[in-house]
Trainee: 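Dumping the structure here so I can ask a few things about it.
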Amino acid sequence: MSISREQVQHIALLARLQLDEDELQNYTTQLNSILGWVEKLNQLDVSEVQPTAHVLPMANVFREDEVKSSLPIEKALANAPDKKESFFRVPKIV
């Protein structure tokens, strides 16, 4: 499989890129090289390979929930740019 110069121009148009002639030729060559490697990968027999999301086994990394005391209101509001009583004040969004 190869990609034509016109296809690279179309991709550049969709990506809103302005390419000069040298860049167009360079990208066409590079994309054809990449597609060549993809073709090589497509020739591999992977019928015996199990599909995986990760190459290494993964374990649950979440900790157990623990009940702890919360942050004191004064400390939570200490750096607030705008506060009223024990609340953060934020701009009204409608």
Side-chain angles (χ1 to χ4, degrees):
M1 171 184 258
S2 66
I3 190 167
S4 69
R5 183 178 178 280
E6 289 75 26
Q7 289 172 317
V8 174
Q9 278 182 316
H10 182 68
I11 293 168
L13 176 70
L14 293 175
R16 304 295 190 256
L17 299 174
Q18 289 182 331
L19 301 179
D20 61 28
E21 288 301 316
D22 291 337
E23 290 173 323
L24 194 60
Q25 180 60 40
N26 191 17
Y27 285 126
T28 304
T29 304
Q30 289 177 0
L31 288 171
N32 279 320
S33 175
I34 292 168
L35 290 173
W37 285 106
V38 170
E39 280 296 316
K40 270 192 159 182
L41 290 174
N42 284 336
Q43 294 172 2
L44 293 175
D45 178 23
V46 292
S47 60
E48 301 289 324
V49 179
Q50 289 274 344
T52 58
H54 297 280
V55 293
L56 300 174
M58 298 282 293
N60 189 355
V61 294
F62 296 113
R63 64 171 171 76
E64 292 296 321
D65 288 338
E66 299 174 9
V67 177
K68 295 182 179 180
S69 60
S70 62
L71 193 63
I73 293 173
E74 297 80 27
K75 196 170 185 178
L77 294 172
N79 291 324
D82 194 8
K83 56 189 171 194
K84 182 176 182 180
E85 298 171 6
S86 60
F87 302 101
F88 292 98
R89 288 191 60 175
V90 294
K92 183 178 181 179
I93 299 174
V94 179

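Because the structure is a prediction, the values reported are computed rather than measured.
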Trainee: Which ILVMFWY residues can you reach from Val55 by hopping between side chains whose heavy atoms are under 4.5 Å apart?
Mentor: Leu56
Trainee: Inspect the surroundings of CD1 in Ile73 and state if more than 12 heavy atoms from other residues, nucleotides or ligands are less than 6.0 Å away.
Mentor: no
Trainee: Who passes side chain to side chain contact (heavy atoms under 4.5 Å, CB included) against Pro91, sequence neighbours left out?
Mentor: none
Trainee: Can you tell me how far apart CG (Leu17) and CG (Leu24) are? Round to the nearest 0.5 Å.
Mentor: 11.0 Å
Trainee: Share the residues that join Phe87 in a hydrophobic cluster, the rule being Ile, Leu, Val, Met, Phe, Trp or Tyr side chains under 4.5 Å apart at the heavy-atom level.
Mentor: none
Trainee: Quick one: side chain to side chain donor-acceptor pair (under 3.5 Å) pairs with a partner in residues 79-93, sequence neighbours left out?
Mentor: none
Trainee: Would you name the heavy atoms of Lys75 and Leu71 that are closest together and state the gap between them?
Mentor: CD-CD1, 3.8 Å
Trainee: What heavy-atom pair brings Glu66 and Arg63 nearest, and what distance separates the two atoms?
Mentor: N-NH1, 4.2 Å
Trainee: Could you report the tightest heavy-atom contact between Phe88 and Ala76, atom names first, then the distance?
Mentor: CZ-O, 3.6 Å
Trainee: Could I get the full list of side chain to side chain donor-acceptor pair (under 3.5 Å) partners for Arg5, not counting sequence neighbours?
Mentor: Glu21
Trainee: Considering residues at least two apart in sequence or located in another chain, which fulfil the side chain to side chain donor-acceptor pair (under 3.5 Å) criterion with Asn32?
Mentor: none
Trainee: List the residues meeting salt bridge (Lys or Arg N to Asp or Glu O under 4.0 Å) with Asp20, not counting sequence neighbours, and say none if there are none.
Mentor: none
Trainee: Could you pull out every donor-acceptor pair under 3.5 Å between side chains of residues 6-13 and any protein atom, sequence neighbours left out?
Mentor:
{"unit_1": "Gln7", "atom_1": "OE1", "unit_2": "Ser4", "atom_2": "N", "d": "2.8"}
{"unit_1": "Gln7", "atom_1": "OE1", "unit_2": "Ser4", "atom_2": "OG", "d": "3.4"}

Trainee: Count the heavy atoms belonging to other residues, nucleotides or ligands that lie under 6.0 Å from CG of Asn60, then report whether that count exceeds 12.
Mentor: yes
Trainee: Does Gln25 have any side chain to side chain contact (heavy atoms under 4.5 Å, CB included) partners at least two apart in sequence or in another chain, and if so, which?
Mentor: Thr29
Trainee: List in chain and number order the residues that pass side chain to side chain donor-acceptor pair (under 3.5 Å) with Glu39, two or more places apart in sequence or in another chain; answer none if no residue qualifies.
Mentor: none
Trainee: Would you please name every residue forming a side chain to side chain contact (heavy atoms under 4.5 Å, CB included) with Gln50, sequence neighbours left out?
Mentor: none
Trainee: Which residue pairs satisfy the salt bridge (Lys or Arg N to Asp or Glu O under 4.0 Å) criterion with at least one member in residues 45-61, sequence neighbours excluded?
Mentor: none
